[in-house]
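This report concerns only the one structure given below.
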2 protein chains.
Amino acid sequence: MSAEIALGLDPVIVSVVDTVPLVLTVIDGERPRLPAGSFDPGRDRTLELAARRSIDEQVGVEVGYLEQLYTFGDRFRDPRETTGGPRFLTVGYLGLIGGPVLGAPANVAWIDWYRFFPWEDWRRGRPPMLDQSVVDRVRAWIAADGADDTRRIRGAAAFGLDGAPWNDEAVLERYEILYEIGAVDEAPVHHDVLGEPMALDHRRILATAIGRVRAKIKYRPVVFELLPESFTLWQLQRTVEALAGTRLHKSNFRRFVEDGGLVVGTGQRRATSGRPAETFRFRSEVMAERPHPGIGLR
Amino acid sequence: MSAEIALGLDPVIVSVVDTVPLVLTVIDGERPRLPAGSFDPGRDRTLELAARRSIDEQVGVEVGYLEQLYTFGDRFRDPRETTGGPRFLTVGYLGLIGGPVLGAPANVAWIDWYRFFPWEDWRRGRPPMLDQSVVDRVRAWIAADGADDTRRIRGAAAFGLDGAPWNDEAVLERYEILYEIGAVDEAPVHHDVLGEPMALDHRRILATAIGRVRAKIKYRPVVFELLPESFTLWQLQRTVEALAGTRLHKSNFRRFVEDGGLVVGTGQRRATSGRPAETFRFRSEVMAERPHPGIGLR
DNA sequence: GTAATAGTGTCTTTCAGACAGTATGAC
DNA sequence: GTCATACTGTCTGAAAGACACTATTAC
């Protein structure tokens with residue numbers, strides 16, 4: 001068993017175009033992967049700076065918002081460990097950038113994250129692939145011989161069974177249960193899988209990122225990192241809906257966001273295919289006024 | 001510059017006794033330190049298991065709840081790097097254990113975390129050391145020549161300036177500003193420091209942990225990890241107050257916790273110095289009923 | 001006029017926050 | 001009875017959630 005450590009940096013770079021949440025991937029093998037880099041201890045002063053540089057070098061993109069997600073270190077998360085390689089640890093990051101990104105290398109692709117997590121998109125009602133057969137498999141897993149009693153609560157909370165509400169933030173919890181029941185391609189034994197796979201454990205890292213974004217928009221004004229300086233309220237709502245995977249009530253959303261002091265009108269108007277919309281900008285002063293200025297509404 | 005990496009594990013183990021939040025420290029140098037261990041890639045299947053084993057081996061304690069906090073990797077966070085040592089990265093963990101812990105080695109000490117963060121305890125009103133002189137230093141830092149405009153918002157949100165409310169979760173943000181203004185011993189240049197220092201960057205890690213606990217109790221029933229199987233509501237309230245560093249309204253707290261289905265009475269009573277109190281236990285079913293079952297109340 | 005998108009008014013229910021009160025024990 | 005702690009009732013205002021409505025453009 002090797003005593004070496006190799007440290008990687010796995011950034012999940014997110015952008016939203018119209019109603020589609022996109023994740024930046026590299027296509028250079030069978031499965032899409034995150035634009036991972038490796039940490040060179042001699043070069044960067046902090047892990048975050050290393051992540052920024054790695055992203056810039058690989059895909060020519062400078063991210064604005066970047067936060068650390070989690071450090072993944074399970075043995076054999078990288079198959080090179082089985083053939084005498086070092087232990088591959090990686091620090092996951094979440095990066096947000098606004099607008100479409102140009103000038104990226106040819107093997108870089110922005111992919112709708114719901115291709116990897118189709119069961120997470122409830123904007124047009126319950127996703128069709130999340131059908132009775134999947135629910136039955138989760139229930140079988142709950143009731144399995146020798147299973148811990150906590151499975152009942154984990155399963156109900158993750159998939160909204162037995163009257164529990166759907167929790168949009170429980171992305172990782174759902175992915176992990178689907179992994180355990182063999183409903184994703186990455187599981188060692190699997191059948192009738194859901195969604196498209198990614199390389200290594202990158203879909204798990206993406207699940208962590210989606211869960212984090214969905215939680216974070218509710219108590220920190222991070223959505224604005226994904227929008228241009230000025231935007232319409234409809235644009236803002238569409239962006240939040242894309243991330244959260246749910247629909248919001250228009251008038252409640254407007255009230256929340258305007259009365260809450262999160263945005264302020266610019267006085268400008270923008271032509272649409274109907275009545276022109278007023279444009280707004282983020283009001284950064286809310287950060288000091290309220291402890292948790294975010295968007296959390298049904 | 002070395003190209004080596006060394007990975008440590010720095011657990012913040014928390015317990016609450018009566019009204020005192022305690023953190024487990026090791027006293028073997030000038031300053032108390034966290035019971036840090038190093039990660040041996042050949043031994044443990046996951047980072048969390050490695051952290052558990054490290055804690056058990058060092059201080060003979062088996063933690064129940066354990067979650068990853070953050071990975072710290074700033075250059076020179078460990079001074080051994082300056083003399084040709086490897087780059088010392090560390091993964092911080094938060095562990096919670098209930099009840100007093102016996103049988104620990106002699107150099108292990110449970111210390112009231114407010115000795116390191118006296119300005120975080122608002123249970124008896126505004127902490128006296130957080131006086132005008134400190135506020136003046138923060139304001140000077142905000143107004144400094146060439147300072148970024150974001151300092152105004154950071155400072156106001158962290159220290160409740162200009163009408164902003166005190167945010168109990170902003171523990172790390174406050175520590176970082178105090179570091180920048182030289183009001184903590186760990187800062188390279190400092191005077192009139194607040195609180196007791198810890199070794200290396202351990203106080204920063206502890207700040208991260210306190211902020212995380214304070215945030216987490218509001219949306220996850222983690223307090224119960226710190227309490228025995230059955231407890232009185234007064235005990236529960238005292239524990240929450242100890243962690244949050246604020247006082248809560250008794251009747252509102254009771255209503256929240258009982259009507260919210262977080263606890264259920266056992267029917268048993270317990271003698272006190274006044275009327276006997278009913279005992280309660282945690283109702284784990286809430287986890288499936290509500291998306292965010294926690295305790296968040298003034 | 002219609003279609004399409006933008007934006008407003010208001011009712012109801014829920015719940016946080018604050019008040020003041022009563023209950024049951026030891027002595 | 002007093003003292004100490006445990007526990008309850010209820011008022012108020014804010015805000016979430018749901019509903020229906022009006023406004024301004026293109027055609």
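All chains are named by letter (A, B, ...) in the order of the sequence lines, taking the proteins before the strands, and each is independently numbered beginning at 1.
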Can you tell me the distance, in whole Å, between the [atom1] atom of [X] and the [atom2] atom of [N]?
X         : N       : atom1 : atom2 : value
Phe253(B) : dT8(D)  : CZ    : C1'   : 16 Å
Leu233(B) : dT5(D)  : CG    : P     : 16 Å
Asp259(A) : dG17(D) : CG    : P     : 15 Å
Glu258(B) : dC7(D)  : CD    : C1'   : 9 Å
Leu262(B) : dC15(C) : CG    : P     : 14 Å
Lys218(A) : dA16(D) : NZ    : P     : 14 Å
Glu278(A) : dA23(D) : CD    : C1'   : 14 Å
Arg247(A) : dA18(D) : CZ    : C1'   : 16 Å

- In terms of ring plane angle, is the pair Phe224(A) and Phe282(A) parallel, tilted or perpendicular, where the classes change at 30° and 60°?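 Parallel: the ring planes of Phe224(A) and Phe282(A) meet at under 30°.
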Under 3.5 Å, is there any donor-acceptor pair linking the side chain of [X] to the base of [N]?
X         : N       : answer
Asn252(B) : dA18(C) : yes
Ser251(A) : dG7(C)  : no
Arg255(A) : dG7(C)  : no

- Task: For the pair Glu241(A) (side chain) and Leu248(A) (backbone), establish whether a donor and an acceptor sit closer than 3.5 Å, ignoring hydrogens and angles.
- Result: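 The answer is yes, because a donor-acceptor pair under 3.5 Å joins these two groups.
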- Give a yes or no answer on whether the side chain of Arg214(B) reaches the backbone of Leu243(B) with a donor-acceptor pair at less than 3.5 Å.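 Flag set: sc Arg214(B) to bb Leu243(B) pair under 3.5 Å.
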- Please determine if Lys218(A) and Glu169(A) form a salt bridge, counting it only when a charged side-chain N lies under 4.0 Å from a carboxylate O.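 Here Lys218(A) pairs with Glu169(A) in a salt bridge, since their nearest N and O are under 4.0 Å apart.
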Find every protein N or O atom lying less than 3.5 Å from an N or O atom of nucleotides 3-5 of chain C, and list the pairs.
none

- Message: Taking salt bridge (Lys or Arg N to Asp or Glu O under 4.0 Å) as the definition, give me every residue that meets it alongside Arg151(B), ordered by chain and number, with sequence neighbours left out.
- Response: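 With neighbours one apart ignored, the set is empty.
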- Query: Of all the nucleotides listed (dC7(D), dA16(D), dA18(D)), which has the minimum atom distance to the side chain of Phe256(A)?
  - Reply: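 Closest of the options to the side chain of Phe256(A): dA16(D).
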- Which nucleotide in the set dT8(C), dT24(D), dA18(D) lies at the smallest distance from any side-chain heavy atom of His249(A)?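 Closest nucleotide to the His249(A) side chain: dA18(D).
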- Message: Using the rule ring pair (Phe, Tyr, Trp, His ring centres under 6.0 Å), only one of Phe116(A), Phe117(A), Trp122(A) pairs with Trp119(A); which is it?
- Response: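 Output: one option passes, namely Phe117(A).
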- With nearest nucleotides of DNA chain D determined for Arg269(A) and Thr232(B) from heavy-atom distances, which residue corresponds to the more 5′ nucleotide?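 Result: Thr232(B).
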- Task: Sequence neighbours left out, what passes ring pair (Phe, Tyr, Trp, His ring centres under 6.0 Å) with Tyr219(B)? Give chain and number order.
- Result: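 Ring pair (Phe, Tyr, Trp, His ring centres under 6.0 Å) list for Tyr219(B), sorted by chain: empty.
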